[in-house]
Asks: 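Pasting a structure here, questions to come.
Keep in mind it's a predicted model, so treat the numbers as computed, not measured. Every chain is numbered from 1, with letters handed out A, B, ... down the list of sequences.
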There are 2 protein chains.
Amino acid sequence: MDTVKKTTIYDLAQLTGASPSTVSAALNGTWRQRRIKESTVRQIQSIAAQQGYRTNLQARGLRQSRSGLAGLIMPMYDNRFFASLAQSFEVEARRRGLCPITVSTHRDPEEEQRTAETLISYAVDSLFVAGATDPDAISRLCRDAGLRHVNVDLPGSLAPSVISDNHAGAVALTEAMFDARPKGEDHADERLKGRIYFLGGREKDFATSERIAGFREVVTRRSGHCAEEQIVATGYNPETVARQAQVLFQNPETAPRALLVNSTIAFEGGLSFLGSLPPETVESLVVGCYDYDPFVRYLRFPVVMVRQDVEGLIREAFQLLTSEPLPTDSTDSAAPKIIKVNPALVTPA
Amino acid sequence: MDTVKKTTIYDLAQLTGASPSTVSAALNGTWRQRRIKESTVRQIQSIAAQQGYRTNLQARGLRQSRSGLAGLIMPMYDNRFFASLAQSFEVEARRRGLCPITVSTHRDPEEEQRTAETLISYAVDSLFVAGATDPDAISRLCRDAGLRHVNVDLPGSLAPSVISDNHAGAVALTEAMFDARPKGEDHADERLKGRIYFLGGREKDFATSERIAGFREVVTRRSGHCAEEQIVATGYNPETVARQAQVLFQNPETAPRALLVNSTIAFEGGLSFLGSLPPETVESLVVGCYDYDPFVRYLRFPVVMVRQDVEGLIREAFQLLTSEPLPTDSTDSAAPKIIKVNPALVTPA
DNA sequence: TAACCTTGCACTATCGATTGTGCAAAGCAA
DNA sequence: TTGCTTTGCACAATCGATAGTGCAAGGTTA
């Protein structure tokens, strides 16, 4: 015997003398409404267990056109935010009796589409689309399949979305930086005038642009003005960021006294440069990071961080999934709901 | 119309005037061997595209009892090692034309089993079992289903396994620590005699025990002896580790001059304590961490780290999957293959 | 022209479950 | 005993694809 042949309800029907439909009902829990005698059910169940029977979920899924699966599509795993997101997703999905499966797509739009199609073709019952490069393309696929789905972290225009409140996060972070009192400094807003910078990210990215807006708002309010030069957002690449940091520190007149770094990746670049500065310069510097990493707490200087409320995002996403109606055919005039979740400020101990 | 009805090959058959089997062949690539005219095929394909046809993969899977899915079961996502593992898995699976799906199980043995069963019932074509609490239980399920699978990171006795060479990693790390020259110290092996400690982890854990063995070996070779007190392995909890570190430093006679911390989680605990020590003590301390985190490079003291070769693990796992035969019925006397992959040493710049 | 081969496709069973329906036997009231 | 309701289950259709087989039309060879 080469391939193992699995037991089916037909085998069990033979063994128990019942019909396949009775076996099916006995095993999937519908036996009560199908008026199967309890003793029959128990007999079938015991034989099923003894035979090591497992329901073929593809067959069930085919018949019911449901699968019991909840899918999550993300760009990647090895990033703290997305890893936590997957983690929370898993917990919440299981809590709802679903089997959570996660697929990452490398920020490749085509891969995203293909993956979405695959998951849809497997009849996942719901789809979470996190940080997609083109959420609306996926929404169209889902709509054609009548599949409930939510965008997470990056909003789309064709499906409800749950996103972090980047603006509020940036406001809180910037305020905290203005309020910080670095070692030995009696910090007044005056000190940061023109000397607080936003570093990293891409201005046209949805999240970054909202953060920059929040940053600008606070800086303008507390310094009276926010110059264009105070925003340096030309990417996440650590080396680039390191170079840019270096440039900022070149002119002693305008050298940063506060530095808000956008994302931990960019932060790594910032760090590798800050390490080369004299300790006293670094110690009087106020550093903020829009992102969270536990080890950042143990650097040689304090850093204010913003940590996204991942559990909150996922909870709201599940909420939306059940509360929002499926978009009607084509005449959906109302823009889908967007929920913003507040991130948390993590201040140094 | 409430639910969207998806187009099937039967619909396409109607539209094109061909039979369902012809449509099927035209769309799944077998048309050549089924001698379908190319013009017919093209016509069918064009209509299919225009109708937005998607193969129902549950139906195909049911018929073929294959799914095109490759499954990965891991304990969790929010851990650098597992996150990287998932990442590499994804890349390698796609390279092989499979759709990679990942499920985490919270280190819960029952969840592991249930998840494995679910994936099997969906006819995944192969299963990667990473860091399972009970790999053999999963192997038994897979064997019953005739499913190819590999253990990763934690070996099992019923299926081929790919694991990190913890012993070699620990040896390399410990050697590196003996060879390190902390600031201002002309470091001789003598200095570390009885003053190098292994901190964190659980001695009965497979990985930890191998690491401890490697550590002991090097310490014995270079110091002539390794005392039991030099191994402090009672868990990963950061607070516990912090307390234990504190105790170690209490006696100035035996206070650590070198500290090998097992895992980044434990390392967080170590850090929170080291932060409270006078800088000069910390600076003359040699610190090693059996695990990798990019931010550890930027702490106020250098740390030697060990980084697992995640790509290597996954590559070898795929290799094993195709090279190793399925275990024969029950009379498999030969123990399945175990492949060890060397981790890399990451030394401070 | 007969015998045979090739081409091009249709027919039909099948994968393993779920579900609407039908029907005999048992139970019960009149 | 008759007629009606329950109980307990079997039958058969169905989900959407794949794959074995058969067969007519058109070509080729003798």
Asks: Does A/Ser24 place a side-chain N or O at less than 4.0 Å from the phosphate oxygens OP1/OP2 of C/dT18?
Replies: yes
Asks: Rounding to a whole Å, what distance do you find between A/Ile9:CD1 and D/dA12:C1'?
Replies: 13 Å
Asks: Check A/Arg114 with A/Glu111, please: is the shortest side-chain N to carboxylate O separation under 4.0 Å?
Replies: yes
Asks: Could you tell me how far apart A/Asn28 (CG) and C/dA17 (P) are, to the nearest whole angstrom?
Replies: 10 Å
Asks: Whole angstrom is fine here: how far is it from CZ in A/Arg32 over to P in D/dC9?
Replies: 13 Å
Asks: For B/Ala18, which contact category applies under a 4.0 Å heavy-atom criterion: base, sugar-phosphate, or nothing?
Replies: sugar-phosphate
Asks: Regarding A/Glu311 and A/Arg315, does a basic nitrogen lie under 4.0 Å from an acidic carboxylate oxygen?
Replies: no
Asks: Residues of residues 51-67 of chain A with any non-hydrogen atom less than 4.0 angstrom from an atom of DNA chain D: list those, numerically ordered, please.
Replies: A/Leu62, A/Arg63
Asks: Quick one: label B/Gly17 by what it contacts on the DNA or RNA (base, sugar-phosphate, nothing), any heavy atom closer than 4.0 Å.
Replies: sugar-phosphate
Asks: Between D/dC9 and A/Thr40, is there an OP1 or OP2 to side-chain N/O distance shorter than 4.0 Å?
Replies: yes
Asks: Considering residues, nucleotides and ligands other than B/Gln51, do more than 12 of their heavy atoms fall under 6.0 Å from its CD?
Replies: yes
Asks: By ring pair (Phe, Tyr, Trp, His ring centres under 6.0 Å), which residues pair with B/Phe89, not counting sequence neighbours?
Replies: B/Phe128
Asks: Can you check the B/Gln14 CD to D/dG16 P distance for me, whole Å?
Replies: 14 Å
Asks: Between B/Arg32 and B/Glu38, is there a salt bridge with N-O shorter than 4.0 Å?
Replies: yes
Asks: When you look at CD of B/Gln14, are more than 12 heavy atoms from neighbouring residues, nucleotides or ligands closer to it than 6.0 Å?
Replies: no
Asks: Judged by each residue's nearest nucleotide on DNA chain C, which is more toward the 5′ side, A/Thr30 or B/Lys37?
Replies: B/Lys37
Asks: For A/Arg34 and D/dG8, what is the distance between atoms CZ and C1' respectively, to the nearest whole Å?
Replies: 11 Å
Asks: How do A/Val23 and A/Tyr10 order along DNA chain D: which one's closest nucleotide is nearer the 5' end?
Replies: A/Val23
Asks: Between B/Arg35 (CZ) and D/dT21 (C1'), how many Å, whole number?
Replies: 11 Å
Asks: Any ion pair linking B/Arg54 and A/Glu117 (charged N to carboxylate O, less than 4.0 Å)?
Replies: yes
Asks: What is the distance from CD of B/Gln33 to P of D/dA19, rounded to the nearest Å?
Replies: 8 Å
Asks: Any base atoms under 4.0 Å from A/Thr8, or only sugar-phosphate, or nothing? Heavy atoms, all strands.
Replies: sugar-phosphate
Asks: A/Thr22 side chain N/O closer than 4.0 Å to the phosphate oxygens (OP1, OP2) of D/dA10?
Replies: yes
Asks: What integer distance in Å separates A/Glu38:CD from D/dT7:P?
Replies: 14 Å
